[in-house]
Amino acid sequence: MELKLLEAKSLFASEANHMGKRLLSRSFSNLQASCCGGALAMASYSRTSRDMHLSVRAVGSIAQDKLSTETYSIHINGLKPASSPHSCELRVLDAYGDEYDGVVVDPDKLPAEVNLFASMLRLSLRQWKIEGKKGIWLKLPSELSEFVPIAVKEGFQYHHAERGYVMLTYWIPDGPCMLPANASHQVGVGGFVVNDKNEVLVVQEKYCPPTCHGLWKLPTGFILESEEIFAGAVREVKEETGIDTEFMEVIAFRHVHNVAFQKSDLFFICMLKPLSTRIVVDDFEIEAAKWMPLEEFVEQPLIQGDSMFKKIIDICVARLGQRYCGLSTHQVISKFDGKQSSLYYNVVDPRDSNCQAS
């Protein structure tokens with residue numbers, strides 16, 4: 001029994017010494033990948049002819065005044081530690097709290113190395129759970145896309161993605177996740193522009209479904225991020241036809257679901273006043289554009305045969321005859337959020353409107 005025990009100890013010592021030699025032969029960066037789950041901020045070793053000592057210390061923090069520490073040590077051959085060991089400090093990911101007791105990770109201060117990110121993320125989640133945090137928002141820029149599977153493995157879920165990043169979330173408390181879902185709608189606009197000859201500005205698109213081939217339609221498009229509805233309508237008309245316009249009113253809007261990638265769609269029909277007459281066609285997406293007599297536009301078979309298109313045009317014609325009032329835009333500031341908003345409504349005082357409908 002004693003002989004077997006001696007052999008086992010000798011074998012362990014040999015393997016440990018061999019491991020020490022392999023660690024010593026590696027570069028500093030490779031040594032980093034050997035400890036703290038493969039990610040160190042700093043690591044060092046010391047070795048005499050008979051001993052080797054590795055010491056790793058991890059420190060995490062979500063607030064500047066609050067630290068959590070993890071220490072890892074490896075003693076090979078059971079000998080004394082190094083006289084001046086360095087420490088490995090794994091800090092909690094830089095983040096700030098939101099108003100709902102959640103955490104928003106700072107995407108500009110993420111580590112650059114994959115293994116370091118993995119260890120810091122695990123340490124951060126433990127710390128945030130201790131502190132009773134709720135929702136975690138993790139924005140990963142495209143240049144750090146290799147971090148995405150690491151976060152998913154730790155339990156993060158996809159929230160949304162844009163051209164330059166992917167947003168992931170993690171819900172800590174038990175029970176259903178209370179974080180808001182991704183945006184559910186896309187927003188489109190159409191411009192109804194009529195000149196003093198009672199002609200409506202229309203276009204034919206280069207790329208359209210077969211059912212709309214040959215249709216003369218209103219200029220339409222999607223509004224941009226942080227763009228007002230009225231500004232988007234003016235811009236789209238300018239881009240497609242070269243005509244400058246002034247926003248008058250929102251005439252009507254349509255709401256439909258499961259349009260693109262299961263998203264809903266809001267489409268606003270806006271009445272615009274023409275400020276120019278010369279048409280300049282956008283050759284990239286528009287086949288043709290022209291001023292078309294209103295009667296001819298209304299009588300198109302595709303418009304007469306579609307109940308929604310026909311209703312939209314009927315409303316626009318009623319507005320031209322001042323038998324209908326749309327929604328004009330008014331800039332207001334709410335104390336709720338302190339931001340300026342566009343509020344669309346019918347005016348109460350007739351002196352503030354060019355609509356004379358009763």
*Under a single-linkage rule joining Ile, Leu, Val, Met, Phe, Trp and Tyr whose side-chain heavy atoms are separated by less than 4.5 Å, which residues share a cluster with V259?*
V256
*Out of V193, V202, V189, V237, which one pairs with P219 under the side chain to side chain contact (heavy atoms under 4.5 Å, CB included) rule?*
V237
Can you tell me how far the [atom1] atom of [X] sits from the [atom2] atom of [Y], to the nearest 0.5 Å?
X: D265; Y: N258; atom1: CG; atom2: CG; value: 11.5 Å
X: N115; Y: I150; atom1: CG; atom2: CD1; value: 7.0 Å
X: T169; Y: K139; atom1: OG1; atom2: NZ; value: 15.0 Å

_side chain to side chain donor-acceptor pair (under 3.5 Å) assessment of E228 paired with S342_ = CA-CA 8 Å; E228 297 282 0; S342 295; 2.9 Å; yes
The criterion is side-chain hydrogen bond (donor to acceptor under 3.5 Å, both in side chains); which residues satisfy it with [X], sequence neighbours excluded?
X: N198; answer: none
X: H159; answer: none
X: E285; answer: none
X: H257; answer: S264

*Electrostatic pair D314:K310 at N-O distance under 4.0 angstrom*: yes
*Would you call K311-D306 a salt bridge at under 4.0 Å N-O?*
no
_Is it the case that atom NE2 in H255 sees more than 12 heavy atoms from other parts of the structure closer than 6.0 Å?_
yes
*Should we count CD of Q262 as having more than 12 external heavy atoms under 6.0 Å?*
no
_Where at least one partner belongs to residues 271-322, residue pairs that pass ring-ring contact (aromatic ring centres under 6.0 Å, His included), sequence neighbours excluded_ = none
_Side-chain (S276) to main-chain (R278) donor-acceptor, under 3.5 angstrom_ = no
*Looking at side-chain heavy atoms only, is the closest gap between Q300 and L215 below 4.5 Å?*
yes
_Option among F222, F192, F253 that satisfies the ring pair (Phe, Tyr, Trp, His ring centres under 6.0 Å) test with F268_ = F253
*Do you see a donor-acceptor pair shorter than 3.5 Å between the side chains of T220 and K217?*
yes
*asked:* Working note: Y165 + H160, criterion ring-ring contact (aromatic ring centres under 6.0 Å, His included); need CA distance, chi angles, decisive distance, verdict.
replied: CA-CA 9 Å; Y165 72 88; H160 69 274; 5.5 Å; yes
*Which word best sums up how the rings of F247 and Y344 line up, parallel for under 30°, tilted for 30 to 60°, or perpendicular for over 60°?*
perpendicular
